[in-house]
Protein chains: 2
Amino acid sequence: MRSDCPISYGLDFFGDKWTLLIIRDLAFEGKSFYNDFLHSKEGIATNILSDRLKKLELNGIIGSRVYEKLRTKKEYFLTDKGKALIPVLLEMIIWSTTQQDGLAVPADFLEGAKNDREELTKRVLASLD
Amino acid sequence: MRSDCPISYGLDFFGDKWTLLIIRDLAFEGKSFYNDFLHSKEGIATNILSDRLKKLELNGIIGSRVYEKLRTKKEYFLTDKGKALIPVLLEMIIWSTTQQDGLAVPADFLEGAKNDREELTKRVLASLD
DNA sequence: CTGTATCCTTAGGGATACTG
DNA sequence: CAGTATCCCTAAGGATACAG
């Protein structure tokens with residue numbers, strides 16, 4: 001921890017180019033498995049993915065369990081601490097799509113509620129159950 | 001640009017440990033000058049600060065002008081594109097202070113409106129004029 | 001498939017000196 | 001004071017091979 005500033009505190013967790021993409025996959029893309037994250041379009045490397053999953057779990061932002069339908073696989077999921085990041089991601093999406101044309105909105109449920117942040121968060125959370 | 005994902009797009013700008021701290025200084029701390037940023041408590045190095053200021057200006061997130069009262073100094077300010085990042089920063093602050101005790105809230109006007117995001121953004125913007 | 005490990009290259013960044 | 005430049009080291013990350 002570099003300082004007691006909340007921005008700095010957040011950056012200590014996800015101030016890099018990859019961590020939030022994993023959270024995005026979990027929150028918006030319905031992804032739960034190592035292989036899903038690995039094949040996201042940005043092309044994360046295996047060592048980075050491995051490292052970030054470990055750090056995220058260590059920091060209590062994600063959790064993991066054995067996937068019952070296929071017990072060689074592990075299933076990752078957002079903890080409450082991780083779910084609490086959804087509003088941050090939503091604001092990033094809003095900022096980017098406002099600043100730059102041609103970006104893909106991650107999921108359809110974002111349409112039609114662009115200015116209602118609370119409603120957006122609620123919908124994303126509901127989609128996780 | 002790694003992909004057309006808005007999250008990834010945002011991370012291309014500020015997916016590092018320092019960029020958003022400069023934005024924070026501009027948005028919440030009333031700082032405008034090189035030396036102010038340099039002496040923020042996280043201790044940014046001169047080469048990094050120089051590099052980030054350049055990139056931020058190149059990307060249209062901040063602007064700069066000669067400081068009229070002392071014409072050897074340059075004054076930095078948030079552009080509209082930069083001001084549009086304030087909701088992102090606010091959500092980061094909310095997330096961090098919710099997850100971790102003992103963090104310092106950057107400015108007093110955040111108190112008393114913790115759950116009214118729109119009001120918070122308005123207050124921060126008003127403080128910039 | 002789910003990772004780890006290794007090799008190697010580049011980028012990030014600290015320390016410090018230096019210039020206008 | 002506002003930066004640039006340099007030196008040097010560490011961290012990040014891509015490619016690939018390998019293990020359970």
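If you're wondering where the values come from, they're calculated on a predicted model, not measured in any experiment.
Taking atom CG of residue Leu53(A) and atom P of nucleotide dG13(D), one finds them 14 Å apart after rounding to whole Å. One interatomic measurement links the two molecules: CH2 of Trp18(B) to P of dA12(D), which rounds to 13 Å at whole-angstrom precision. Lys55(A) has its NZ atom 12 Å from the C1' atom of dG13(D), to the nearest Å. Between the CD atom of Glu57(A) and the C1' atom of dT2(C) there is a distance of 13 Å, given to the nearest Å. Look at CD1 on Ile62(B): it is 10 Å from P on dG3(D), rounded to the nearest Å. Between the CD1 atom of Ile44(A) and the P atom of dG14(D) there is a distance of 8 Å, given to the nearest Å. The interatomic distance linking Ile22(B) (CD1) with dG3(D) (C1') rounds to 13 Å, in whole Å. Counting to the nearest Å, the P atom of dT2(C) and the CG atom of Leu38(A) are 9 Å from each other.
Within 4.0 Å of Tyr67(B), counting heavy atoms only, lies no atom of the nucleic acid at all. Counting non-hydrogen atoms under 4.0 angstrom, Arg52(B) reaches the backbone sugars and phosphates but no base. Base contact: Thr46(B) has a heavy atom under 4.0 Å from a base atom. Contact annotation for Tyr76(B): backbone-only contact, meaning every heavy-atom pair under 4.0 Å involves sugar-phosphate atoms and none involves a base.
Taking the side chain of Ile48(B) as heavy atoms from C-beta on, and the options dG3(C), dG14(C), dA2(D), the nearest nucleotide is dG14(C). Comparing dT4(C), dA15(D), dA2(D) by their nearest atom to the side chain of Asn47(A) picks out dA15(D). Closest approach to the Lys17(A) side chain among dG3(C), dC1(C), dG13(D) is made by dG13(D) (side chain taken as heavy atoms from C-beta onward). Of all nucleotides listed (dG13(D), dT4(D), dT4(C)), dT4(C) comes nearest to the side chain of Lys54(A).
One side chain, Ser3(B) or Glu42(A), offers a donor N or O that lies under 3.5 Å from an acceptor on the other. In this model, no donor atom of one side chain and acceptor atom of the other lie less than 3.5 Å apart for Ser8(A) and Lys17(B).
Ring geometry for Phe13(A) versus Trp95(B): interplanar angle over 60°, hence perpendicular rather than tilted (30 to 60°).
Put simply, the side chain of Ile93(B) reaches to within 4.5 Å of the side chain of Phe28(B), judged on heavy atoms.
In this structure, Lys73(A) does not reach the dC1(C) phosphate: none of its side-chain N or O atoms is under 4.0 Å from OP1 or OP2. Close to dG3(D), at under 4.0 Å from its OP1 or OP2, lies a side-chain N or O of Lys74(B).
Judged by closest nucleotide on DNA chain D, His39(B) is the one of Gly43(A) and His39(B) placed further toward the 5' end.
Side-chain N/O atoms of Asp51(B) and base N/O atoms of dG12(C) include no donor-acceptor pair closer than 3.5 Å.
Remark: Arg2(B) qualifies as a cation-pi partner of Trp18(A) under the 6.0 Å distance and 45° angle criteria applied to the six-membered ring.
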